[in-house]
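First the proteins, then the strands, lettered A, B, ... as listed; each starts at 1. Source: prediction; values computed, not measured.
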2 protein chains.
Amino acid sequence: MSSRPEVTMAQRKRQLVSNELSEAALQLLALKGFDAVTIDEIAATAGVSKRTFFRYFASKEDVVVQFLADMGTGMRAALASRPIEEQPSASLRHTVWVSMAACADHSDRALRVVQLILRTTALRARFLEHQDQWRDDLAAELAQRLGLDADTDLYPQLAAGMALTAFDAVLQRWSGSDGAEDPAALTDRAFATIAPALDSVE
Amino acid sequence: MSSRPEVTMAQRKRQLVSNELSEAALQLLALKGFDAVTIDEIAATAGVSKRTFFRYFASKEDVVVQFLADMGTGMRAALASRPIEEQPSASLRHTVWVSMAACADHSDRALRVVQLILRTTALRARFLEHQDQWRDDLAAELAQRLGLDADTDLYPQLAAGMALTAFDAVLQRWSGSDGAEDPAALTDRAFATIAPALDSVE
DNA sequence: TAACTACTTGACACCGAGTGCCATGTACGG
DNA sequence: CCGTACATGGCACTCGGTGTCAAGTAGTTA
């Protein structure tokens, strides 16, 4: 009854508050450590109330990790966009590479976020939760592409898991080297190792 | 200056309270769902105070997941006990198999615990945290066995990740089938898929 | 038996995360 | 100018988790 595709002012304001919040959170968390920062503190820094914080983010972890939510569907879409004739290892390699590229692009910010996540227990746990969801998504897409039954065949789940294992390893090296190592090269090396298992069809 | 290797009565009492607590927790959590049960409730059922609960378990999740803590060192030990000449896929297959067997043994209880963990978000997150730790342990052991540098070579981390991916898939099927499917057969099938990547040394 | 030590427990106060509720303010459409 | 829809802040409340202290109990020594 009312929603115009136009960007209303309320929406822009909402976006602004959201940015303000993530900005404040990221700075404080990286500076003082995850546990040493309260939500009241973050909210106050952003100039809003604690109650408002929770209208934008579901939890303290979410303010850092939220962007991972879309990444799962993004990966599935990336996989779906590959030609069906392509070898699974190539399709998955591309899928992982796209996600890594998304990180490496805005490397200044993304690198800091990733490092914060990987070194903070609570955040890492949320990251793993998301990754677990991605695996299901990728497995479903793989099963569909290959015409396999995901309930009997182990391959889709295993292949998705291997791809994400590679992703994890690459992300860890990349963050550990402060962004110095090349994500593309890392991805290729990782997939060179796991490919033999990915492509052993029959 | 006082600790005898004898089992003092205090220790037995302590063990008894611990059992009482896990028992109460498991029953209530499985019955009413993780979020619908408070710690006061669990403690009251076990006949102790909330404060005492936290003297035995670090968190609400821990009372269910605690036993996973040792499993990591157990897996590393299992891997370390394999002959060095053995192919990595065989060593890791055995490692995973041992852990699965530990579950399948006391299948009545273990099955219920695993099912509870896998279907509860908060518990699954803790499970993934532990698994993440296991991966580091396994990777370290693998690197040592193969004389690789874990900081440059991706193989140890990838191989450990693949093995745990297999473990995860097997566990999921086993729990999904209410223990009907054979863990050993499942493990073999999973490793048949990933083995080509594990053994492609050079 | 008395006294001293070590350990476990419960009660209480406290903090922080997260939620429900309600009153207020403010953009937008008629 | 008015009504609606929405964003916000304040407040009270629940629950997970921790620090502290006083009390109780088992085991030891004299």
If you take atom types as modelled and just measure distance, does the side chain of B:R51 reach the base of D:dG17 with a donor-acceptor pair under 3.5 Å? no

Do A:R55 and D:dG9 have a side chain to base donor-acceptor pair shorter than 3.5 Å? yes

Measure from [atom1] on [X] to [atom2] on [N] and round the result to the nearest Å.
X: A:F34; N: C:dA17; atom1: CZ; atom2: C1'; value: 10 Å
X: B:R12; N: D:dT25; atom1: CZ; atom2: C1'; value: 15 Å
X: A:D40; N: D:dC11; atom1: CG; atom2: P; value: 13 Å
X: A:L29; N: C:dG16; atom1: CG; atom2: P; value: 15 Å
X: B:R14; N: D:dT25; atom1: CZ; atom2: P; value: 18 Å
X: A:Q11; N: C:dC28; atom1: CD; atom2: P; value: 11 Å

Donor-acceptor pair, distance only, cut-off 3.5 Å: does the side chain of A:Y155 make one with the backbone of A:L198? yes

Under 3.5 Å, is there a donor-acceptor pair linking the side chains of B:Q115 and B:S175? no

On DNA chain C, compare the nucleotides closest to B:T52 and A:F54; which residue's is nearer the 5' end? B:T52

Which is more 5' along DNA chain C, the nucleotide nearest B:V17 or the one nearest A:I39? Just name the residue. B:V17

How is A:K13 classified with respect to the nucleic acid when contacts are heavy atoms under 4.0 Å: base, sugar-phosphate, or nothing? nothing

Quick one: label A:Y56 by what it contacts on the DNA or RNA (base, sugar-phosphate, nothing), any heavy atom closer than 4.0 Å. sugar-phosphate

Which residue, A:K50 or A:F53, contacts DNA chain D at a nucleotide closer to its 5' end, judged by nearest heavy atom? A:F53

Could you tell me which residues satisfy salt bridge (Lys or Arg N to Asp or Glu O under 4.0 Å) with B:E23, sequence neighbours excluded, listed by chain and number? B:R109

Name each donor-acceptor pair under 3.5 Å that joins a side chain in residues 182-190 of chain A to protein atoms two or more places apart or in another chain, with its distance.
unit_1 : atom_1 : unit_2 : atom_2 : d
A:D182 : OD1    : A:A184 : N      : 3.4
A:D182 : OD2    : A:A185 : N      : 3.3
A:T187 : OG1    : A:P183 : O      : 2.7
A:D188 : OD1    : A:R93  : NE     : 2.9
A:R189 : NH2    : B:T152 : O      : 2.7

